[in-house]
Amino acid sequence: MGHSKSEIMKLYFHTMDTADFATSRSLFADDAVYVRPPLGGTATDPFASSGTTSIEGLDAISDFWERRGKRETRHVIKIESATDSEWFAEGRVSVGDSEERLFLCHVTFDPDDKIKRFVAIR
C-alpha cells in the first residue's frame, strides 16, 4: 500500500464515520478477524451494549457493517503507536449527541498492509 499504519487507520475510522464500507473493505485481508463491542444500545444511550463480538472473514465483517449502517459516529485518535506490523491507539468516540467514550484499539497487519486482526474495546 505504501501508507503508514497511522494513515491506514485514520482512513479506516473516517470510513466508519462516513459509512464508506467499500473503502473499509479494501483495507482488510480476506481472512481478517474483527473483534469489537456488539451492536446495541438505544437512541438515548448508544453505548448500552457491553462485551465483545468476534467476526471472522471479510464477507462476514462487511455484512456486519451493512447491518450497522450509517450512524453519527465520530472517532478521534488521541495517542497511537505503530511497528511494522501492529498499531495501537487510545481514542474517543461519540455517537450523535452522546457523551464521548474512551476506546482502545489494537490492529495487526499482514505483509501487504491489510488489516488481519482488529480489536477495539470501550
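This chain uses plain numbering: 1 for the first residue, then up along the sequence.
Here the side chains of Met9 and Phe118 are in contact, with some heavy-atom distance below 4.5 Å. For the pair Asp31 and Lys116, the minimum side-chain heavy-atom distance is below 4.5 Å. At least one side-chain heavy atom of Val76 sits under 4.5 Å from a side-chain heavy atom of Lys78. Arg101 places none of its side-chain heavy atoms less than 4.5 Å from the side chain of Ser94. By the 4.5 Å heavy-atom criterion applied to side chains, Ile8 and Asp113 are counted as neighbours. Between Leu102 and Glu90 the shortest side-chain heavy-atom distance falls below 4.5 Å.
In terms of heavy atoms, Ile77 sits closest to Ala89 at CG2-CB, 4.0 Å. The two residues Gly69 and Phe21 make their nearest non-hydrogen contact at O-CZ, 3.7 Å. Nearest approach of Ala120 to Pro37, heavy atoms of both residues: O-CD, 3.3 Å.
If you take OG1 on Thr15 and CG on Leu27, they are separated by 6.0 Å, rounding to the nearest 0.5 Å.
Residues Phe64 and Val107 share a hydrophobic cluster, clusters being chains of Ile/Leu/Val/Met/Phe/Trp/Tyr side chains in contact below 4.5 Å.
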**Prompt:** Checking side-chain contact (heavy atoms from CB on, under 4.5 Å) for the pair Met16/Arg71: CA distance, chi angles, key distance, verdict?
**Reply:** CA-CA 9 Å; Met16 287 293 105; Arg71 301 186 323 169; over 6 Å; no
**Request:** Quick one: do Arg74 and Glu100 satisfy side-chain contact (heavy atoms from CB on, under 4.5 Å)? Show the steps, please.
**Result:** CA-CA 9 Å; Arg74 182 169 181 268; Glu100 285 188 340; 4.0 Å; yes
**Step-by-step side-chain contact (heavy atoms from CB on, under 4.5 Å) determination, Ser62 to Phe28** = CA-CA 10 Å; Ser62 293; Phe28 281 75; over 6 Å; no
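In the hydrophobic clustering, Val35 connects to Val33, Val119, either directly or through intervening members, whenever side-chain heavy atoms lie under 4.5 Å apart.
Annotation: cation-pi pair Lys114/Phe109 absent, no NZ/CZ under 6.0 Å from the ring centroid and within 45° of its normal.
Partners of Ala60 under the side-chain contact (heavy atoms from CB on, under 4.5 Å) rule, at least two apart in sequence or in another chain, are Ile55. Listed by chain and number, the residues in a side-chain contact (heavy atoms from CB on, under 4.5 Å) with His14 are Thr18 (sequence neighbours excluded). With sequence neighbours excluded, the residues forming a side-chain contact (heavy atoms from CB on, under 4.5 Å) with Lys10 are Ser6, Glu80, listed by chain and number. Among residues two or more places apart in sequence or in another chain, the side-chain hydrogen bond (donor to acceptor under 3.5 Å, both in side chains) test is passed with Tyr34 by Tyr12, Trp65. Glu72 is linked by a side-chain contact (heavy atoms from CB on, under 4.5 Å) to nothing, counting only residues two or more places apart in sequence or in another chain. Every residue meeting the side-chain hydrogen bond (donor to acceptor under 3.5 Å, both in side chains) condition with Glu86, not counting sequence neighbours, appears here in chain and number order: His106. Applying the ring-ring contact (aromatic ring centres under 6.0 Å, His included) test to Phe103 and every residue at least two apart in sequence or in another chain returns Phe13, His75.
Listed by first and then second residue, the salt bridge (Lys or Arg N to Asp or Glu O under 4.0 Å) pairs involving residues 12-30 are Arg25-Asp59 (not counting sequence neighbours).
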